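This one's a predicted model, so the numbers in the text were calculated from it and none came from an experiment.
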Amino acid sequence: MGTTSPYNTTGWVGDLMPFYDNGKFHLFFLHDAQTKPAGQGFHDIHKFETSNLTDFSYAGRMIPYGTTNEPDFAIGTGSTVKVGDTYYMYYTGHNGNASYVQSHPRESVMYATSKDLKTWTKSSYILTAPEGYYNFDFRDPQVFFNSEKNEYWMLMSTQTSARKAVVLLFTTTDPSANNWSPRGPLYTTTAEDNYLMMECADVFKMGNFWYLFFSEDWSGMKGTHYRLATSSEGPWTKPANDMLDGQYFYAAKTASDGNKRYLFGWTARRNPENDSGNKEWAGNIVSHELTQASDGTLGVKVPDVVAGIFKKDVSLQASKTTGAVSANGNSFVVNGSLSAASQNFAAITGTKKISAKVKIDIGSGSAGFVFNADNASQSSYKIVLEPGNNRIAAYQVSGTNSQLITRVPVTLQAGTAYSVDIVIDGSICVLYVDGKAALSNRVYSLSGKSWGITSDGTQATFSDVRLFGLE
């Protein structure tokens with residue numbers, strides 16, 4: 001930002017607020033500064049721009065945080081909508097300072113306007129929680145024009161006064177009139193799920209179905225979830241697998257270029273920055289391309305535009321073999337039926353994509369990929385398909401201990417070959433299975449270390465294993 005202050009110049013990507021306009025994705029995000037000086041606000045809104053999801057330009061700060069006495073001392077997630085020739089960016093005002101919350105709600109909704117998506121002017125308008133809802137948690141406005149109802153909708157993540165998580169609906173025919181009316185819950189947590197908060201809600205139509213996305217960070221299945229319906233009003237159905245990625249892909253929201261729809265989230269960093277560090281809020285942008293089955297259920301895959309940049313075929317260089325492994329060109333049978341088996345390859349560096357077809361013989365075993373594999377029996381990171389658990393799971397391995405780090409539910413069957421793609425960029429490692437699901441990981445120990453394929457408790461066939469780099 002043209003200054004030497006680390007508060008302004010370095011940081012991480014928090015919640016994303018994607019907006020597509022005139023050939024570009026405008027990826028507004030909450031900037032999480034590496035250093036937050038005492039007494040200053042935080043999470044101002046910055047922006048990246050991209051037309052292809054591979055080349056990004058930083059556009060700077062869009063919305064600054066306020067003072068200690070203003071409702072947006074800290075800023076929370078929001079969204080952008082265009083009305084006529086004016087862009088409205090609605091966002092969360094958050095001020096938890098003791099002197100402020102004595103006489104004000106902790107969270108409220110505000111907005112700023114722009115004619116060019118670059119220069120923004122804050123409005124004095126403030127929307128607070130209506131009676132019966134909890135103004136301590138009232139955030140993440142998602143605003144869009146609902147063509148089905150011919151009105152503008154605003155979704156709010158909040159709680160009822162009884163502390164039940166709810167996505168609350170407001171409507172208006174004209175955002176400039178500042179007359180948003182509460183219409184009651186669009187979706188309320190079920191007794192089974194019992195979510196504390198359903199953050200960063202996002203409703204959109206894709207094909208013949210409507211979808212509701214939200215993120216939840218307090219249950220046993222932390223991450224971004226979705227529901228589907230045949231109307232924007234519901235009723236909303238929970239699919240058998242309601243997550244498309246694990247807990248290292250959070251606060252995901254969507255945007256469409258009119259042809260394809262993409263899911264944008266962030267992959268958490270660790271502090272300190274090693275595989276044993278504590279998981280922290282904010283990290284790096286990860287984007288998935290949504291896929292849709294005939295029954296309306298969704299999946300994700302490597303965006304076609306991203307897959308297209310991996311054109312350099314890198315030859316596999318086999319290194320250490322452990323256990324029963326047989327090779328035929330770029331295909332391998334890894335027999336871990338009696339004890340874990342693996343085939344390692346030369347150290348991986350830079351930005352790469354791995355692809356393979358993986359078939360697991362029996363459902364009680366697991367097979368997949370291992371990273372930081374130089375001394376895999378001492379320390380490594382593995383991402384495996386587990387048909388018996390119907391999931392993809394990632395483990396940090398230290399000696400005989402395997403710690404589950406993240407997982408995503410996906411229906412898998414023994415004896416079926418699945419197409420797997422892995423995109424690696426720095427410490428980010430995302431594994432995709434068959435356009436069904438992805439599992440995002442933060443693996444600091446990956447770069448410069450060998451990687452491999454592995455099987456445990458079953459025999460697995462890895463066909464057409466290939467490694468790609470950038471041209």
Side-chain angles (χ1 to χ4, degrees), residues 220-221 223 240-241 243-249 275 299 320-327 331-345 354-373 375-422 424 429-443 445-446 449-465:
M221 287 299 290
N241 298 324
M243 296 178 67
L244 303 177
D245 200 336
Q247 65 171 310
Y248 270 75
F249 181 76
D275 289 352
K320 182 180 179 181
T321 300
T322 301
V325 178
S326 60
S331 294
F332 302 83
V333 176
V334 184
N335 192 344
S337 300
L338 299 179
S339 61
S342 61
Q343 173 64 63
N344 285 6
F345 303 101
I354 299 167
S355 68
K357 291 187 181 300
V358 182
K359 179 173 70 72
I360 302 173
D361 283 4
I362 61 173
S364 59
S366 66
F369 299 80
V370 59
F371 300 94
N372 182 27
N375 296 290
S377 61
Q378 299 176 26
S379 177
S380 62
Y381 193 98
K382 65 177 183 179
I383 311 171
V384 294
L385 283 63
E386 298 179 343
N389 294 322
N390 277 319
R391 71 183 188 183
I392 313 165
Y395 298 88
Q396 188 169 328
V397 180
S398 179
T400 58
N401 297 320
S402 292
Q403 180 186 359
L404 178 65
I405 301 299
T406 181
R407 79 277 199 203
V408 62
V410 59
T411 302
L412 299 169
Q413 295 181 340
T416 299
Y418 293 98
S419 295
V420 175
D421 290 300
I422 304 174
I424 297 166
C429 178
V430 186
L431 182 145
Y432 296 84
V433 174
D434 240 19
K436 297 175 180 288
L439 193 63
S440 295
N441 300 265
R442 173 76 69 176
V443 192
S445 61
L446 181 156
K449 303 292 180 63
S450 64
W451 65 281
I453 52 180
T454 185
S455 177
D456 192 4
T458 184
Q459 177 174 282
T461 302
F462 295 78
S463 304
D464 195 24
V465 180

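- The number of heavy-atom neighbours closer than 6.0 Å to NZ of Lys359, taken from other residues, nucleotides and ligands shown, is above 12.
- Among Val370, Ile422, Ile354, Asn344, the single residue meeting the side chain to side chain contact (heavy atoms under 4.5 Å, CB included) criterion with Trp451 is Ile354.
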Begin with the C-alpha distance, continue with both residues' side-chain angles, and end with the deciding distance and a verdict on side chain to side chain contact (heavy atoms under 4.5 Å, CB included) for Thr454 and Val334.
CA-CA 7 Å; Thr454 185; Val334 184; 5.7 Å; no
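- Asn390 places none of its side-chain heavy atoms less than 4.5 Å from the side chain of Pro409.
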Using side chain to side chain contact (heavy atoms under 4.5 Å, CB included), reason through Met221 and Arg407 one step at a time and then give a plain yes or no.
CA-CA 9 Å; Met221 287 299 290; Arg407 79 277 199 203; 3.3 Å; yes
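- Put simply, the side chain of Phe249 does not reach to within 4.5 Å of the side chain of Leu244, judged on heavy atoms.
- There is a side-chain donor-acceptor pair under 3.5 Å between Thr411 and Asn241.
- Heavy atoms only, all atoms of each residue included: Val408 and Gly246 are closest at CB-N, 4.1 Å.
- How far CG of Asp421 is from OG of Ser355: 5.5 Å, rounded to the nearest 0.5 Å.
- Contact check for Ile360 versus Tyr418: no side-chain heavy atoms found under the 4.5 Å cut-off.
- For Thr416, the side-chain hydrogen bond (donor to acceptor under 3.5 Å, both in side chains) criterion is met by no residue, not counting sequence neighbours.
- The two atoms that bring Ser450 and Phe345 nearest to each other are CB-O, 3.0 Å, heavy atoms only.
- When all heavy atoms are compared, the tightest approach of Ala340 to Thr322 is O-CG2, 4.3 Å.
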Would Phe371 and Ile383 count as a side chain to side chain contact (heavy atoms under 4.5 Å, CB included) here? Give the steps.
CA-CA 8 Å; Phe371 300 94; Ile383 311 171; 4.0 Å; yes
Donor-acceptor pairs are to be reported for all side-chain atoms of residues 391-398 against protein atoms at under 3.5 Å, with residues two or more places apart or in another chain.
{"residue": "Arg391", "atom": "NE", "partner": "Glu386", "partner atom": "OE1", "Å": "2.6"}
{"residue": "Arg391", "atom": "NH2", "partner": "Glu386", "partner atom": "OE1", "Å": "3.2"}
{"residue": "Arg391", "atom": "NH2", "partner": "Tyr395", "partner atom": "OH", "Å": "3.0"}
{"residue": "Tyr395", "atom": "OH", "partner": "Glu386", "partner atom": "OE2", "Å": "2.6"}
{"residue": "Gln396", "atom": "NE2", "partner": "Asp275", "partner atom": "O", "Å": "3.4"}

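- Using modelled atom types, one side-chain atom of Ser331 and one backbone atom of Asp464 make a donor-acceptor pair closer than 3.5 Å.
- If you take CD1 on Ile424 and CG on Leu431, they are separated by 9.5 Å, rounding to the nearest 0.5 Å.
- A side chain to side chain contact (heavy atoms under 4.5 Å, CB included) with Tyr248 is found for exactly one of Ile405, Asn441, Leu439, namely Ile405.
- In this structure, Phe369 and Val358 have side chains that are in contact, with non-hydrogen atoms separated by less than 4.5 Å.
- The minimum heavy-atom distance linking Met243 with Gly223 is given by the pair CE-CA, 3.8 Å.
- The minimum heavy-atom distance between Gln247 and Thr406, with the atom names listed, is N-OG1, 3.2 Å.
- Taking all atoms of both residues into account, the shortest heavy-atom contact from Ala414 to Gly363 is CB-N, 3.5 Å.
- One finds the CD1 atom of Ile362 at 6.0 Å from the OG atom of Ser337 (value rounded to the nearest 0.5 Å).
- By the 4.5 Å heavy-atom criterion applied to side chains, Tyr381 and Leu446 are not counted as neighbours.
- In this structure, Ser379 OG and Lys449 NZ are separated by 7.5 Å, a value rounded to the nearest 0.5 Å.
- The environment of CG in Leu404 is crowded: more than 12 heavy-atom neighbours from other residues, nucleotides or ligands sit within 6.0 Å.
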